[in-house]
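When a ligand or atom number is given, it counts from 1 through the structure's own listing order. Counting begins at 1 with the first residue of the sequence.
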Amino acid sequence: MTSLLSKIKDKTISERVLLALSFLLFVFVTPPTIIRFVEQNWTMVFVDSFILSNAAFIFYNTLRDRFISFLKYYMCTIVCVGVSMSVMFGGMEVIYWIYPTILTAFLLVKAKYAFMYLLFICICIAPTVISSVPAMEGLTIYFALFGSAGFINVFSSELSSENRSLNELASIDPLTGIKNRREFELEADRVIADFSGNVSNALIIIDIDDFKKLNDSFGHVIGDKVLQQFSQIINSILPKDAAVFRLGGEEFAIMMNNTELESAISLGERVKSAIDIDSDDKLPKYTVSMGVAVLKATEKLHEWTERADQAMYYSKRNGKNQVSAEMPDIKIRRSDASGLGQE
Ligand SMILES: Nc1nc2c(ncn2[C@@H]2O[C@H](COP(=O)(O)OP(=O)(O)OP(=O)(O)O)[C@@H](O)[C@H]2O)c(=O)[nH]1
C-alpha cells in the first residue's frame, strides 16, 4: 500500500488523472455489472466487462509507466465516445457530462487534439440538440462548450508549464545540469520493475579521486568547475541506451540498459581516457575510480548499488584510476592498463 502511494506521488498531473479516471470507472461500473450478472443480462455484462478490463488495463499500465501517451488518447477516446453516446441515447438531461469530459481531454492530451475531441462530441450530439431545443438555445450550448474549452485550455497550459518547471527543479542537479539522485532512484526502480532476465542492465558508480585534496589545493570554485566539466565529458561519450546521474558530492552513476558487463567496463575505460584527453588545460588533472555491477534477478535497488559501490571501493583500495566489476562467481574483476585481471 505504501509503495502504491509513493508511486502515485511521483506521477505527473495527467498520469494522476488517468489513474483517478480508471479507478472511478472501476468503482462505478463494478456494482451494476454484479447486478446484471445476477439478472443474467449477458449483453450488458459483456459491455461492462469490456469497460472494466479497459479500466484495469489503463490503471495497471499507468502505474508501471507503460504506453503512457497511448493510454492518454485511449482514455480520451473512451470518455468522449461514452459521453456522446449518453447524449445521443439519453437525451439533453445528460449534456452537462460534456464539461468534465472536456476538462479531462485538456488535462490528458495536447490542446489541438482536445479541441478535436470536442468537435467530435459536438458533431455526434448535433442531431439530439437540433431535435430537442430551439436553434438559439442550441447555438448557446455550442458557444458555452467552446467558450469553456478556451478557458480550460488557458488554465491547463499554465498548469503544465508550471508543472514542467517544478519537475525540472526536482530532477536536475543545479550545478552540473544532469539528473540528480531522485531521478536515479526513479529510473532504477523502473529498470528493476521491468527486469525480465532477457536483457542485461549495468550500473557504473563513479567517484572522483582525491577530490578533497583538489578542493583544498585549488579551492571550491575550481572543484565545482571540475564537476561541471566532468559531467559534460560523460554526456559527450554516453551511448544511446545510457543515462548519467549525479548522486551527490563527487559521486556519479551511469545506468545502461541492454548492456552486458563487458560493454559497461569498456564505457568505464572510455570515461577514464576521455577525462585524460579532454580535460580543460585551465583545470587541474584528476582521475576517477569506477565500479560496475549488472542487475541480478529479484535484486533490490540497494543491493544492486551496494555491489557497484563495493567494486568502486575495490578500485579505490587498489590504487584508484581504474574500473572494477562485481562478478557473480569471481567476486571482483579489475580492469587496468594491462587489461582485465581477476581476484
Ligand atoms: N567543490 C565542490 N566540492 C564538493 C561538492 N560536494 C562535495 N564536495 C567535496 O568533495 C570532497 C569529498 O571528499 P572525500 O569523501 O574525502 O573523498 P576524496 O577526497 O575524493 O577521497 P577518495 O574518495 O578516497 O578518493 C569533500 O571535501 C567535499 O567537501 C561540490 O558540490 N563542490
Judged by modelled atom types alone, do T101 and Y117 share a side-chain donor-acceptor pair under 3.5 Å?
->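 No, no side-chain donor-acceptor pair sits under 3.5 Å.
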
With distance as the sole criterion, is a donor-acceptor pair present between the side chains of S14 and K72 under 3.5 Å?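 Yes, side-chain donor-acceptor contact under 3.5 Å.
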
If the cut-off is 4.0 Å to any non-hydrogen atom of [X], which atoms of ligand 1 fall inside it?
{"X": "D209", "value": "20 (O), 25 (O)"}
{"X": "D207", "value": "23 (O)"}
{"X": "L227", "value": "30 (C), 31 (O), 32 (N)"}
{"X": "G223", "value": "1 (N)"}

Among all protein heavy atoms, pick out the one at the shortest distance from [atom]; state its residue, atom name and that distance to 0.1 Å.
{"atom": "atom 25 (O) of ligand 1", "answer": "D210 N, 2.8 Å"}
{"atom": "atom 9 (C) of ligand 1", "answer": "N215 ND2, 3.3 Å"}
{"atom": "atom 5 (C) of ligand 1", "answer": "R246 NH2, 4.0 Å"}
{"atom": "atom 6 (N) of ligand 1", "answer": "G249 CA, 3.2 Å"}
{"atom": "atom 23 (O) of ligand 1", "answer": "K316 NZ, 3.0 Å"}
{"atom": "atom 2 (C) of ligand 1", "answer": "D224 OD1, 3.3 Å"}

Report the part of V221 (side chain from C-beta onward, or backbone N, CA, C, O) that has a heavy atom under 4.0 Å from ligand 1; answer both or neither where that applies.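 No part of V221 is near ligand 1 at this cut-off.
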
Any nitrogen or oxygen of [X], side chain or backbone, less than 3.5 Å from one on ligand 1?
{"X": "E250", "answer": "yes"}
{"X": "H220", "answer": "yes"}
{"X": "F211", "answer": "yes"}
{"X": "I208", "answer": "yes"}

Checklist entry - Parallel, tilted or perpendicular: which describes the rings of F57 and F67, with under 30° parallel and over 60° perpendicular? => result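 Rings of F57 and F67: parallel, under 30°.
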
Determine whether a donor-acceptor pair (N or O, by modelled atom type, separation under 3.5 Å) exists between the side chain of S315 and the backbone of M290.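 Judged by distance alone, yes, a pair lies under 3.5 Å.
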
>> If we ignore hydrogens and angles and just use 3.5 Å, is the side chain of R64 paired with the main-chain N or O of A193 as donor and acceptor?
In response: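 Yes; judged by distance alone, with no hydrogens or angles, the pair exists.
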
Sequence neighbours left out, cut at 3.5 Å: what donor-acceptor pairs do the side chains of residues 177-188 make with other protein atoms?
| from | atom 1 | to | atom 2 | distance (Å) |
| --- | --- | --- | --- | --- |
| N180 | OD1 | R182 | N | 3.3 |
| N180 | OD1 | E183 | N | 3.1 |
| N180 | ND2 | A170 | O | 2.9 |
| R181 | NE | L247 | O | 3.0 |
| E187 | OE1 | R190 | NH2 | 3.4 |

> Of F106, F120, Y73, which meets ring pair (Phe, Tyr, Trp, His ring centres under 6.0 Å) against Y113?
Replying inline: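 Output: one option passes, namely Y73.
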
Which option wins on minimum heavy-atom distance to atom 13 (O) of ligand 1: K212, R317, K320?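 Nearest heavy atom to atom 13 (O) of ligand 1 lies in K212.
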
Flag side-chain contact, heavy atom, 4.5 Å: L119 against F115 |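 L119 vs F115: side chains apart.
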
Could you tabulate the donor-acceptor pairs under 3.5 Å formed by side-chain atoms of residues 86-98, not counting sequence neighbours?
| from | atom 1 | to | atom 2 | distance (Å) |
| --- | --- | --- | --- | --- |
| S86 | OG | G82 | O | 2.8 |

**Message:** With side-chain contact (heavy atoms from CB on, under 4.5 Å) as the test, pick out the partner of Y286 among D209, D210, D276, I275.
**Reply:**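 Only one option passes, and that is I275.
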
